[in-house]
Amino acid sequence: MRVATSASSSITPNEVNSEPTCYCGLQSPILMAKTKKNAGRRFHGCAKFDSPSCCNFFMWVDPKIPNHVRDMIVDLIERNQTLSESSQSRGDGVEVSSLLAEIKTQKAKNRRLKVELAQVKKGKMLYQSAFILCMCYIAILVMYNVKVGGKFLSLP
């Protein structure tokens, strides 16, 4: 079976990497076909494709895709469009923005709690240090009292 090709569809990899220019002399951007016949297939087009002065330059980047693959791409594009329209009609955009606002609020609360926790830990450390110093002081007093022969811990 022989497949017929047009001059615009026979390109080499070097031509794709060399960033071709359109007939206007501008770098030709890579665009994507959105027609059912060539859905998802990339091509180089005129840099002024939206302008009336478009030179109609055209060159395929991707080879022709099999019909079953093309049909799957078209189906996925249509499903994506349906889901997008469905989420917009349900007002999911509002829910997302309110969730993002709630996340921002929770992050701020989390930062405040971390600062408060650091302060509590610092206070706990100060109390522990004071307790240890008091215990050392008491131990020194007891030892000093015992060495001097005082009656601090003596029994009657």
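Values in this document were obtained by computation on a predicted structure and should not be read as measured data. In what follows, residues are counted from 1 in the order of the sequence shown.
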Checking F43, F58, Y23, F57 against S28 for side chain to side chain contact (heavy atoms under 4.5 Å, CB included), the one that qualifies is F57

Considering residues, nucleotides and ligands other than Q128, do more than 12 of their heavy atoms fall under 6.0 Å from its CD?
yes

Working to the nearest 0.5 angstrom, can you tell me the gap between M125 CE and K122 NZ?
7.5 Å

Between CG of D75 and NZ of K36, what distance do you get to the nearest 0.5 Å?
10.0 Å

How far does OG1 of T82 sit from CD1 of I77, to the nearest 0.5 angstrom?
11.5 Å

Closest contact, heavy atoms only, K48 versus C54
O-CB, 3.3 Å

Compare every heavy atom of V74 with every heavy atom of A39, then report the nearest pair and how far apart it is.
CB-CG2, 3.5 Å

Going from NZ on K37 to CZ on R70, what distance comes out if it is rounded to the nearest 0.5 angstrom?
8.5 Å

Single-linkage hydrophobic cluster, 4.5 Å side-chain cutoff, W60 and L31 together
yes

Value for CZ (R112) from CG (N110), rounded to nearest 0.5 Å, stands at 9.5 Å

Between CG of L133 and CE of M135, what distance do you get to the nearest 0.5 Å?
11.5 Å

Could you go step by step and tell me if R42 and D62 meet the salt bridge (Lys or Arg N to Asp or Glu O under 4.0 Å) rule?
CA-CA 6 Å; R42 297 174 305 157; D62 296 325; 2.8 Å; yes

Can you name the nearest heavy-atom pair linking C22 to A47, along with the distance?
SG-N, 3.7 Å

